[in-house]
Amino acid sequence: MMNRRAFLGTTLGVAGLNTCNARSAGAVVHNAAPEPLVWPLVAKPQEGIRSFAGHTDTVLDVIGRLGTPPSLVIFTEGNHLMVLSSDEIVGAFPSWAKSQPKYANLDLTNIILTTLPQPILVQMIRTGGVALGNLTLDTSRSSGFYPDIVMGYPEPLRQLRRMGVIESQARFFSRNRGVALLVRKGNPLGIHGLADLVRNGVRIALPDSGDVRAQCLAAAEAQLGKPAASALTSAETNFPGRLGIMHRDLPEMVARGYADVAFTWYHLVSFWARAFPDHFEFVAVPGVESFFTKIAFAPTVNPLRSEAAKAFDDFFFARARDVYPRHDFARMDDTEFGAPLGLD
């Protein structure tokens with residue numbers, strides 16, 4: 001499934017071994033940008049260590065160092081990676097722990113985040129590994145590359161609970177603001193709402209599966225009616241070698257000219273427009289705020305790094321409610337934030 005990848009240095013990722021092949025695999029490209037998106041690293045560069053900053057779907061979203069004993073391992077999907085990996089959350093956690101007498105002696109120098117799509121994470125844990133070209137990473141307790149905490153949507157968490165990986169109860173910590181549209185800089189096709197997506201010739205990048213795809217199509221049906229919403233899938237486009245890493249492949253499709261517009265979560269579109277202001281513009285879709293989903297926090301059964309996991313739990317729930325809205329998530333009220341999610 002992931003045989004287009006090879007091992008990287010500082011941040012675990014891969015060089016674009018088959019990028020050229022993917023470009024020439026028969027897809028018709030319109031108005032393609034001269035180069036693919038090169039994603040910014042969220043980890044600080046390390047002196048003397050070669051780092052390969054890869055392109056879309058050639059970067060395995062694992063942040064940290066494998067081969068060094070992990071201080072804490074969090075498995076989650078890429079939906080909120082811009083928040084979790086920020087200086088406000090993981091970046092601030094070690095200094096906060098040092099300020100707490102009961103956590104002051106924890107070694108938090110190697111926090112590992114895995115922010116891949118949830119079906120891939122579930123598969124990694126079920127099978128005990130993930131392949132990057134000829135290299136297989138062991139995802140097991142014996143390797144240490146195994147989650148202490150899992151964050152995700154309810155259904156993947158229920159799957160992991162049935163596997164005995166996580167505890168029986170999770171807690172919600174974020175809710176998104178519905179859906180929005182991503183267009184190329186200058187908005188050359190004049191796309192200003194969902195009605196513009198059903199014009200002849202508009203090519204649409206949609207999430208390939210899951211809650212977000214369902215909510216995008218439900219929002220379109222609510223605003224346009226079922227026939228028009230069905231037309232969105234008829235105009236859906238793709239690109240060779242796509243692996244379904246939505247938070248990378250949707251903006252790549254717009255940037256490279258495989259699609260004219262991408263349709264997905266509001267906060268992701270906002271993030272892409274900020275991260276690549278020379279490539280993209282954000283287009284809001286009024287009236288679709290109710291088409292959202294929530295992410296929950298679940299502790300692993302008998303975590304390998306139990307004290308670090310407990311410390312992160314204390315730290316995270318003390319600040320996530322305020323931090324996530326600063327990244328264009330919705331603000332949760334007292335009944336939502338920390339609300340329990342039973343997984344049995």
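Keep in mind that this is a model prediction, so the values were computed, not measured. The basis for the numbers below is simple: all heavy atoms, side chains too, and nothing from hydrogens, waters or symmetry mates.
Of the possible polar contacts, none joining the Thr300 side chain to the Ile166 backbone as a donor-acceptor pair under 3.5 Å is found. Proximity of a side-chain donor or acceptor of Thr237 to a complementary backbone N or O of Ala259 within less than 3.5 Å is not detected. Side-chain N or O atoms of Asp148 include one that pairs as donor or acceptor with a backbone N or O of Leu304 at under 3.5 Å. Asn110 contributes no side-chain N or O that, together with a main-chain N or O of Gly64, makes up a donor-acceptor pair within less than 3.5 Å. In this structure, Ser86 contributes its side chain and Val83 its backbone to a donor-acceptor pair below 3.5 Å. Between the side chain of Arg158 and the main chain of Asp344, no donor-acceptor pair closer than 3.5 Å is present. Proximity of a side-chain donor or acceptor of Ser306 to a complementary backbone N or O of Pro303 within less than 3.5 Å is not detected. Not a single donor-acceptor pair under 3.5 Å links the side chain of Thr115 to the backbone N or O of Leu81.
Ion pairing between Arg184 and Glu281 fails under the 4.0 Å rule for side-chain N and carboxylate O. The existence of a salt bridge linking Arg319 and Asp322 is excluded, since no basic side-chain nitrogen approaches an acidic carboxylate oxygen closer than 4.0 Å. Ion pairing between a basic and an acidic side chain is recognised when a charged N comes within 4.0 Å of a carboxylate O; Glu336 and Arg321 show no such pairing.
Note that the OG atom of Ser71 and the CG atom of Leu108 stand 5.5 Å from one another [nearest 0.5 Å]. To the nearest 0.5 Å, atom NZ of residue Lys310 and atom CG of residue Leu106 are 10.5 Å apart. Atom-to-atom distance recorded for Leu194:CG and Leu232:CG is 7.5 Å, nearest 0.5 angstrom. The CG atom of Asp328 sits 9.0 Å away from the NE2 atom of His267 when rounded to the nearest 0.5 Å. Here the CG atom belonging to Leu116 is positioned 9.0 Å from the CZ atom belonging to Arg248, to the nearest 0.5 angstrom. In this structure, CG in Asn176 is found 12.0 Å from CZ in Phe291, a value given to the nearest 0.5 Å.
Smallest separation of non-hydrogen atoms from Pro117 and Gly244: CG-O, 3.4 Å. Closest of all the heavy-atom pairs between Leu206 and Leu217 is CD1-CD2, 4.3 Å. The minimum heavy-atom distance linking Ala309 with Ile149 is given by the pair O-CD1, 4.0 Å. The two residues Pro147 and Ile125 come nearest to each other via the heavy atoms CG-CD1, 4.0 Å. Annotation for Tyr258 and Arg203: closest pair O-NH1, 3.3 Å, computed over non-hydrogen atoms. The minimum heavy-atom distance between Arg331 and Pro325, with the atom names listed, is CA-CG, 3.8 Å.
Inspection of the Glu77 and His247 side chains reveals no N or O donor paired with an N or O acceptor under 3.5 Å.
You'll find the side chain of Arg175 reaches within 4.5 Å of the side chain of Met332, heavy atoms only. At a threshold of 4.5 Å between non-hydrogen side-chain atoms, the residues Asn187 and His192 count as touching. For the pair Leu157/Val150, a side-chain contact is recorded, criterion being any heavy-atom separation below 4.5 Å from C-beta on. Residues Leu182 and Phe263 are not in side-chain contact: their nearest non-hydrogen atoms beyond the backbone lie 4.5 Å or more apart. Side-chain contact between Leu197 and Leu181 is present, with at least one heavy-atom pair separated by less than 4.5 Å. By the 4.5 Å heavy-atom criterion applied to side chains, Leu189 and Asp196 are not counted as neighbours. Put simply, the side chain of His80 reaches to within 4.5 Å of the side chain of Ile295, judged on heavy atoms. Side-chain atoms of Leu72 and Ile112, non-hydrogen and from C-beta on, never get closer than 4.5 Å to each other.
Note: Phe337 and Phe317 meet the aromatic proximity criterion, with ring centroids under 6.0 Å apart. Here the two rings, on Trp272 and Phe280, have centers that are 6.0 Å apart or farther. Taking the six-membered ring wherever Trp is involved, the centroid distance between the rings of Phe75 and Tyr146 does not fall below 6.0 Å.
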Test Gln223 against Val285 for side chain to side chain contact (heavy atoms under 4.5 Å, CB included), laying out the working first.
CA-CA 10 Å; Gln223 286 210 351; Val285 181; 4.0 Å; yes
Intermediate values then yes/no, side chain to side chain contact (heavy atoms under 4.5 Å, CB included), Asn79 and Tyr153:
CA-CA 10 Å; Asn79 190 336; Tyr153 296 156; 2.5 Å; yes
Applying salt bridge (charged side-chain N to carboxylate O under 4.0 Å, His left out) to Arg161 and Glu155, what does each step give before you reach the verdict?
CA-CA 10 Å; Arg161 173 59 185 167; Glu155 182 50 35; over 6 Å; no
Taking it one step at a time, do Gln159 and Gln118 satisfy side chain to side chain contact (heavy atoms under 4.5 Å, CB included)?
CA-CA 10 Å; Gln159 293 176 35; Gln118 293 169 83; over 6 Å; no
When you look at Leu341 and Arg171, which way does the side chain to side chain contact (heavy atoms under 4.5 Å, CB included) test go after all the steps?
CA-CA 6 Å; Leu341 169 66; Arg171 285 171 291 161; over 6 Å; no
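Cation-pi contact between Arg177 and Phe292: absent, since separation from the ring centre below 6.0 Å together with deviation from the ring axis within 45° is not met.
Under the 4.5 Å side-chain heavy-atom criterion for grouping Ile, Leu, Val, Met, Phe, Trp and Tyr, Met163 is connected to Leu121 within one hydrophobic cluster.
Using cut-offs of 30° and 60° on the angle between ring planes, the pair Trp96 and Tyr103 is tilted. Ring geometry, Phe312 versus Phe93: the interplanar angle exceeds 60°, so the pair is classed perpendicular (tilted spans 30 to 60°).
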